[in-house]
Amino acid sequence: MTKTHVAVIGAGVFGGWTATHLLAKGAKVTLVDSWGPGNSRASSGGETRVIRGTYGPSQPYTKMAARAAQLWKEYEQRWNRKFLHHTGVLWMVHGDETFERSSLPELKAAGIRYEELRSQELARRWPQINFEGVNWGIFEPDGGYLLARSSCQAVVEEFVAAGGEYRQAAVSGVDLDQSDLNGLSLSDGSKLVADKYVFACGPWLGKLFPRTIGSRIRPTKQDVFFFGNPAGDKRYDDSQLPVWADHRTQFLYGIPGNQGRGFKIADDTRGPEFDPTTGERLVNAERATEVREYIAFRFPGMKGAPLVETRVCQYEDSPDRNFIIDRHPNTKNIWLVGGGSGHGFKHGPALGELVARLVIENGQSEPIFRLDRFEK
């Protein structure tokens, strides 16, 4: 029997894992990316990403995160690789507790372990943090961080080793909304013809599908800072400090020092619109000053720490910050996957598993992921 040939466009965390699961389901799979997995323009690039289950009420992501964590660990063992680092994740809770309180039943239902910690217990466990203004906290001991770039590269390497085809080429700049798709023209002059196509192109999805997606994917510039840990002081590396999130006046989060890259901190506030292809990746000086002031307040031992590295990545937000997983409304052999919205990376293996099943079984995604939600 002839295998179904699926072309997956985009080798980031969504595309790479989708291709991997499609291959495991018996499809012939060609994976294509313009610059390679984890490249500096990609939303899946950079060093690390957070994995956590705290997500608020009435959403699919806590259970998806639990499944993803299981799959990250399974594939670590299968491939003899290390992706997931269990530092734990600490949520600092201030005045409005709605998000955190409503997350607890979801964590319990998903089987994700957590602790509710009073401010006194927080200060006892992590004396290197100034908990002024923090009323209590949620600690997820099985959360932590994932290696981003290196895991994307590993997924593609293992995909190829298992028999998948990877091609580094760009899809020619055509309006893919215009007509039925009977093949993709690539930048190397070839034409890729498949039975089905999955476009997991992150911030480029709106450019390839200007009418179906268009501005429904909004890339924003997100500045990331790495500060040098004090010499010989392990209080701020991943052996003694968890990943943390702080809803103080705005949502900041950080990953403790690891791999010699310093103490990572970023502001989840959406930055200005950004072109991921041509945009220059220079951080904003005012944002750097704000982050320095925050560090001096919340992590006093890091006051005056040198800025040793910066990075600019991008989010690609959907209007409601939920993922987009759906067939093209006019071309039934095209699937559109995107809208990671700054929280997608951790879900990669579980999302890829879901998309592969939908593609092979001609299924229908949940209403929260469908395109028609934007028309209601």
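Fair warning: this is a prediction, and the values are worked out from it, not measured in the lab.
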Trainee: Centres of the Phe299 and Phe263 rings: under 6.0 Å?
Mentor: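 Yes.
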Trainee: The criterion is side chain to side chain donor-acceptor pair (under 3.5 Å); which residues satisfy it with Arg298, sequence neighbours excluded?
Mentor: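 Listed in chain order: Asp246.
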Trainee: Would you please test Lys73 and Glu76 for salt bridge (charged side-chain N to carboxylate O under 4.0 Å, His left out) and show each step?
Mentor: CA-CA 5 Å; Lys73 288 183 280 190; Glu76 280 184 328; over 6 Å; no
Trainee: Does Arg248 qualify as a cation-pi partner of Phe297, given the criterion of NZ or CZ under 6.0 Å from the six-membered ring centre and within 45 degrees of its axis?
Mentor: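 Yes; both conditions hold, so Arg248 lies above the ring face of Phe297.
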Trainee: Below 4.0 angstrom, N of the basic side chain to O of the carboxylate: do Asp237 and Arg235 qualify?
Mentor: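 Not counted as a salt bridge, because no side-chain N and carboxylate O are separated by less than 4.0 Å.
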Trainee: Is the shortest side-chain N to carboxylate O distance from Lys264 to Asp238 below 4.0 Å?
Mentor: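 No, this pair does not count.
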Trainee: Does the gap between the ring centers of Phe14 and Phe323 come in under 6.0 Å?
Mentor: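 Centroid distance Phe14-Phe323: below 6.0 Å, so yes.
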Trainee: Provide the full list of ring pair (Phe, Tyr, Trp, His ring centres under 6.0 Å) pairs with a residue in residues 30-56, sequence neighbours left out, each pair given once.
Mentor: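 Qualifying pairs: Trp35-Trp204, Tyr55-Tyr61, Tyr55-His343, Tyr55-His347.
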Trainee: Check for a donor-acceptor pair, side chain of Lys221 on one end and backbone N or O of Leu282 on the other, with a separation under 3.5 Å.
Mentor: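 Checking the backbone N and O of Leu282 against the side chain of Lys221, a donor-acceptor pair under 3.5 Å is found.
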Trainee: Might you confirm whether atom NZ of Lys234 has over 12 heavy atoms from other residues, nucleotides or ligands at distances under 6.0 Å?
Mentor: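 No, NZ of Lys234 has 12 or fewer neighbouring heavy atoms, counting only those of other groups under 6.0 Å.
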Trainee: If you measure from the Lys or Arg side-chain nitrogens to the Asp or Glu carboxylate oxygens, is any gap between Glu353 and Lys25 under 4.0 Å?
Mentor: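 Between Lys25 and Glu353 there is no salt bridge, as every charged N stays at least 4.0 Å from the carboxylate O atoms.
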Trainee: Quick check: Tyr114 with Trp91 (ring centres under 6.0 Å apart)?
Mentor: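 That pair fails the under 6.0 Å test.
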Trainee: Can you tell me which residue pairs pass the side chain to side chain donor-acceptor pair (under 3.5 Å) test with a partner in residues 188-198, sequence neighbours excluded?
Mentor: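 Applying side chain to side chain donor-acceptor pair (under 3.5 Å) to every pair that reaches into residues 188-198, excluding sequence neighbours, yields Arg167-Asp188, Arg167-Ser190, Asp188-Ser190, Lys196-Asn362.
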